[in-house]
Amino acid sequence: MLELLGPLAAMDQSTLLKSASQLLNTLAPGTNFDLPVAPGGDAGLANSASTFIGFAIRAILFGYVLNWARRIYAAVLYKANKLLFPTAHILQSDSAYSWVQSWMAADPNVQNQLDDFMLSTRESSKARGGDRNLLRSGRYDDDDDEFLEQVIRIRYKGCWIWVSNEPGGNPYRVHGGTMKITTLGYQKHALRSFLAAAHAAFYAKEERELLIFHSESGAGYTEWQDPISRPSRPWSSVILPLKEPILKDMERFLSNKESRWYAARGIPHRRGYLFHGEPGAGKTTLVTALASRLRLDIYVISICQNGMDDNKLSELFRNCQPHSIILLEDIDRIFSANQSISTGSSSTIGPKTASGDGSSTPFILTPPQNGEVEAAISGGPEGQEQTEEKKEPSVVTMSGLLNAIDGVSSQEGCILIASTNHPEKLDPALTRAGRFDVRVPFHSASPEQARLLFLHFFPAEDFRQDHKTDDPLSSEVKLADSGVSLTDTLDQAELDSLARAFSEAVFPNGGAGGVEGTRVAMASMQAYLLNFKESPRMAVSQAAEWARSAEKGGLLLDSPTMIDFA
Ligand SMILES: Nc1ncnc2c1ncn2[C@@H]1O[C@H](COP(=O)(O)OP(=O)(O)OP(=O)(O)O)[C@@H](O)[C@H]1O
């Protein structure tokens, strides 16, 4: 040992001890080692060296102990903190982040606590094609997210919850930040319950709206426009005997099991439906109700749109989001050139080659009048400016359409719905098995549909006595708003019998009236009933006359209201 310490021995004793003292003080901060200079030369130096080693060992041990004590303290503190204040950490990229934000935005108590706030409007109608589905899975465009750097206190079911953001970057906008939701240890259950409620509220809001996408095409480009947001169509508002089987079929098709089944067999996972039949019978209505019920977006493809060609059509199909409805409205507008020629200025003729399997069949495409294709589904992008480029006529060919429908480029996991009033005009290549597997006929209204539509128009709760007498002021407002007259206080039994009477008045022979039977479109019956929001009794009393006069004039199908109030 002494040999090892040889070089040290060469040093001046006091310098050596001073250095040792400094070293020990550095190793164990807060202590004050001051090694005394040993009297007695080398022997004294050896003593001092062993004293130094003893100190060094103790200092190292002390350091270890101190370090462990600090770690144990931190662990205990962490554990205690967790027990006393359980916390959920949510990344900004997680969907739960949006649920909580949306909850806070709707909570007036939260609003009262805000010292300072930033307003962010995020309408779903602003969401573009892909974003909409991201929206559903909870991911938003970063640019839209605004955060508040403030601890917000929420009272939820009698429990306290604190929400704060852990900022990163500038104090107001946090990207990639984390939200902390904390509560008290004995209310731990409140965290889970709060998040579940925020989740339910968030998606309930989404369920109330439907997004409809329209395309825009011009020279060399085509794209999906910002979607139009519409209130969801209640399932109960569609009066159609076939609606339930169709819904079940679509639900099965969209299930994971079905998707795996298709994948395992290498079959493209898509399903085509052809809705065909009378105008005003509910084809478009059913599409919107199905989309609302299944929470799917609708992509309306207008083959006849100006500027459309095969490539653009394919591109549009490709850019539809999976798990959505692609709607080809009025597909009968595509006529084989040798079946019909339209020579209007707005029509165009596709490349003329021999018709056959549809590989390059020539077509006449008649553009929709006044944007009716769009209007039918959603009111359409009214007032859209038509640029010169967009006035290029559509030159879609049948082979282009068929490729888009079932070619490699077609979008998987989508429901394709084509509607037509004239199924007989469709090219056989289009209706070949495998393209539109489910064909749904739509007929003019039946007596039962008339009865159910009547009951839908006049629900019993609108005609209860208490509906009108709760509060004189509000009942007056209600009456004025709903147009219900004071004389119309009806119970369910009376409404049932009125509904039957209405159906019998419209269909005097139980649906077999007239030479070919009474044919009334649901749309025209709806238009008729709209005039009698005030009185279901009046609707019944004038129904027979309306049906007769309409039948004489042959106007029952898709006719406007024909009641003359003069
Ligand atoms: N079965 C139905 N149940 C409830 N409402 C209906 C039904 N059918 C039609 N309607 C009403 O009639 C109107 C027109 O219906 P819709 O546009 O769905 O008919 P369509 O068959 O698509 O007609 P077209 O072939 O002319 O496009 C809608 O406002 C809708 O509310």
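Atoms within each ligand, like the ligands themselves, are counted from 1 in listed order.
- Looking at ligand 1, you won't find any N or O of Leu453 less than 3.5 Å from one of its N or O atoms.
- Residue-to-ligand polar distances keep Leu240 apart from ligand 1: every N/O pair is separated by 3.5 Å or more.
- With sequence neighbours excluded, no residue forms a ring-ring contact (aromatic ring centres under 6.0 Å, His included) with Phe436.
- Applying side chain to side chain contact (heavy atoms under 4.5 Å, CB included) to Thr420 and the options Leu430, Leu328, Leu274 leaves one that passes, Leu274.
- Proximity of Lys283 to ligand 1, defined as any heavy-atom pair under 4.0 Å, is shared by backbone and side chain alike.
- Heavy atoms of Ser237 found under 4.0 angstrom from ligand 1 belong exclusively to the backbone.
- Remark: ligand 1 atoms within the under-4.0 Å shell around heavy atoms of Asn421 are 25 (O).
- Between Thr284 and ligand 1, a contact under 3.5 Å exists for at least one N or O pair.
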Q: Dump the intermediate steps for side-chain hydrogen bond (donor to acceptor under 3.5 Å, both in side chains) on Gln542 and Tyr528, then the final yes or no.
A: CA-CA 10 Å; Gln542 300 195 22; Tyr528 169 77; 5.2 Å; no
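- Near Ile239, meaning under 4.0 Å from any of its heavy atoms, are these atoms of ligand 1: 1 (N), 2 (C), 3 (N), 4 (C).
- Of the polar atoms of Pro279, none of the N or O atoms is found under 3.5 Å from an N or O of ligand 1, judged by distance alone.
- For an aromatic pair to be called close, the ring centres must be under 6.0 Å apart, and His269 with Phe253 satisfies this.
- Considering backbone and side-chain atoms together, Gly282 places an N or O closer than 3.5 Å to an N or O of ligand 1.
- Of the listed options Ala289, Ser446, Gly280, Ser524, Gly280 places a heavy atom closest to atom 9 (C) of ligand 1.
- The two residues Ser324 and Leu296 have their closest heavy-atom pair at CA-CB, 4.2 Å.
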Show every donor-acceptor pair shorter than 3.5 Å between a side-chain atom in residues 495-502 and any protein atom, with sequence neighbours excluded, or say none if there are none.
residue : atom : partner : partner atom : Å
Asp496  : OD1  : Gln492  : NE2          : 3.1
Ser497  : OG   : Glu494  : O            : 3.3

Q. Please walk me through it: do Thr284 and Glu329 pass side-chain hydrogen bond (donor to acceptor under 3.5 Å, both in side chains)?
A. CA-CA 8 Å; Thr284 311; Glu329 275 226 322; 2.9 Å; yes
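- Contact analysis puts Glu278 in contact with ligand 1, with a non-hydrogen atom separation below 4.0 angstrom.
- Inspection of the Asp249 and Tyr273 side chains reveals an N or O donor paired with an N or O acceptor under 3.5 Å.
- At a 4.0 Å heavy-atom cut-off, ligand 1 touches Arg233 through the side chain alone.
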